[in-house]
Amino acid sequence: MTTKSRNLSIAKRGLMSFETVMWVFTRLSALGMYALIVFGLIGALIMGARNNMNFADVMRWAFMPNVTHVESTDLVDTTPWSSPLWKLTASALLIIAVGHGVHGLVVIADDYIATKKGRGIVRIFSGVMILSMIVIGLYLIWTS
Amino acid sequence: MGLNRNVSLMTALRYKGQGPFLTYILHRIGGLGMAIFITVHLLASFLSGKGGHFINAIYENWVFQIFIFFCVLFHAINGLRITILDLFPKLIPYHRQAITIEWVAFLAIYGFAVFTIIRTGLGG
């Protein structure tokens with residue numbers, strides 16, 4: 001057990017490489033998603049989830065606070081569930097989750113695609129996927 | 001780059017990584033499962049129509065809910081352990097204890113979710 005790496009400067013440790021930045025992003029976006037999910041959970045309890053929803057319904061709402069996810073529950077009035085606050089929360093969760101998830105797919109793909117050309121194609125494809133999923137997701141959130 | 005691994009598929013399948021390897025592979029299965037589910041779910045909701053409603057009806061089925069809740073909850077709870085250990089490297093010597101705590105938390109939350117889903121699914 002040496003602590004030699006701690007003596008290296010940030011530049012020498014390569015902290016600014018894209019893959020390292022994405023490594024940090026994956027961890028921090030996980031914490032960000034936790035914050036948004038807990039926010040959705042507390043919001044659901046304030047809006048009356050205690051009486052009209054079961055545990056699985058509340059979780060489904062917390063993981064993506066979109067009003068279509070509570071339409072199958074016993075809630076009488078879903079108007080507060082489709083307020084701009086929740087649409088903004090859902091949008092933030094969507095954007096973070098798409099970035100986190102598509103980067104995860106690239107990490108998995110890199111384990112099986114080893115050529116430089118193949119990895120380049122994976123990266124172009126992942127960029128297309130991030131953009132299209134965010135556009136489709138935002139459309140669905142703001143029109144539901 | 002470590003591109004030439006020289007490990008055959010059979011060797012990989014016989015790899016005895018035990019607990020930490022199990023969490024690693026379940027993290028991948030959960031992540032992949034979620035990526036496929038969410039992509040198809042978004043496209044089905046976007047296209048709507050007969051095909052879209054058919055696909056979303058499968059997703060709303062309680063049997064499928066048990067599967068997707070496993071993917072989401074395991075990935076989330078295992079991801080929290082990875083994040084905590086990576087942001088506080090001093091805890092890494094205790095990673096096996098962390099995995100034990102993780103399983104207790106996962107089984108409690110997932111067990112309760114499955115119980116609720118089955119009870120609702122069977123019309124309770």
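Worth knowing before you read on, the calculation uses all heavy atoms, side chains too, and leaves out hydrogens, waters and symmetry mates. Since we're looking at a predicted model, the values are computed, not measured. Within every chain, numbering begins at 1; the chains are lettered A, B, ... in the order of the sequence lines, protein sequences first and strands thereafter.
Ranking A:Ser132, A:Ala56, A:Gly104 against chain B, the residue ahead of the rest is A:Ala56, based on heavy-atom pairs under 4.5 Å.
The line from NE2 of A:His100 to NE2 of B:His75 is 4.5 Å long, rounded to the nearest 0.5 Å. Atom CE of A:Met133 sits about 10.0 Å away from atom CZ of B:Phe46, to the nearest 0.5 Å. Distance CE/A:Met129 to OG1/B:Thr39: 3.5 Å, rounded to 0.5 Å.
Taking the six-membered ring where the residue is Trp, A:Phe55 and B:Phe112 present tilted rings, their angle falling between 30° and 60°.
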> Could you go step by step and tell me if B:Thr83 and A:Tyr34 meet the side chain to side chain contact (heavy atoms under 4.5 Å, CB included) rule?
Replying inline: CA-CA 11 Å; B:Thr83 306; A:Tyr34 258 97; over 6 Å; no
>> Could you walk me through whether A:Arg27 and B:Leu85 satisfy the side chain to side chain contact (heavy atoms under 4.5 Å, CB included) test, starting with their C-alpha distance in whole Å, then the side-chain angles of each, then the deciding distance to 0.1 Å, before giving a yes or no?
In response: CA-CA 10 Å; A:Arg27 271 84 191 152; B:Leu85 290 190; over 6 Å; no
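Between the side chains of A:Asn54 and B:Thr116, no donor N or O sits under 3.5 Å from an acceptor N or O.
For A:Val102, no part lies near chain B; criterion is any non-hydrogen pair under 4.5 Å. If you measure heavy-atom distances from B:His27 to chain A, you find no contacts under 4.5 Å at all. Heavy-atom distances place no part of A:Met33 under 4.5 Å from chain B, backbone and side chain included. At a 4.5 Å heavy-atom cutoff, the contact between A:Ile108 and chain B is made by backbone and side-chain atoms alike. With a 4.5 angstrom heavy-atom cutoff, B:Ile38 does not touch chain A via any of its atoms. Looking at B:Gln65, the atoms closer than 4.5 Å to chain A (heavy atoms on both sides) all sit in the side chain, from C-beta outward. Contact of B:Ala35 with chain A is made through the side chain alone, with heavy-atom distances under 4.5 Å. Residue B:Ile68: no heavy atom, backbone or side chain, is found under 4.5 Å from chain A. Contact annotation for B:Phe115: neither backbone nor side-chain heavy atoms come within less than 4.5 Å of a heavy atom of chain A.
Both B:Leu73 and B:Trp62 are members of a single hydrophobic cluster when ILVMFWY side chains are connected at heavy-atom separations under 4.5 Å. Transitive grouping of hydrophobic side chains (ILVMFWY, heavy atoms separated by less than 4.5 Å) keeps A:Val24 and A:Phe18 in distinct clusters. At a threshold of 4.5 Å between side-chain heavy atoms, the hydrophobic network of Ile, Leu, Val, Met, Phe, Trp and Tyr places B:Leu107 and B:Ile118 in one connected group. Placement of B:Leu47 and B:Val40 within a single hydrophobic cluster is found when ILVMFWY residues are connected by side-chain heavy-atom separations under 4.5 Å, directly or transitively. Under the 4.5 Å side-chain heavy-atom criterion for grouping Ile, Leu, Val, Met, Phe, Trp and Tyr, B:Ile77 is connected to B:Leu87 within one hydrophobic cluster.
Heavy atoms only, all atoms of each residue included: A:Leu31 and B:Leu80 are closest at CD2-CD1, 4.2 Å. The two atoms that bring A:Arg60 and B:Phe69 nearest to each other are N-CZ, 4.4 Å, heavy atoms only. Looking at every heavy atom in both residues, B:Leu42 comes nearest to A:Gly137 through CD2-CA, 4.0 Å.
Around the CZ atom of B:Phe64, the shell of radius 6.0 Å holds more than 12 heavy atoms that belong to other residues, nucleotides or ligands.
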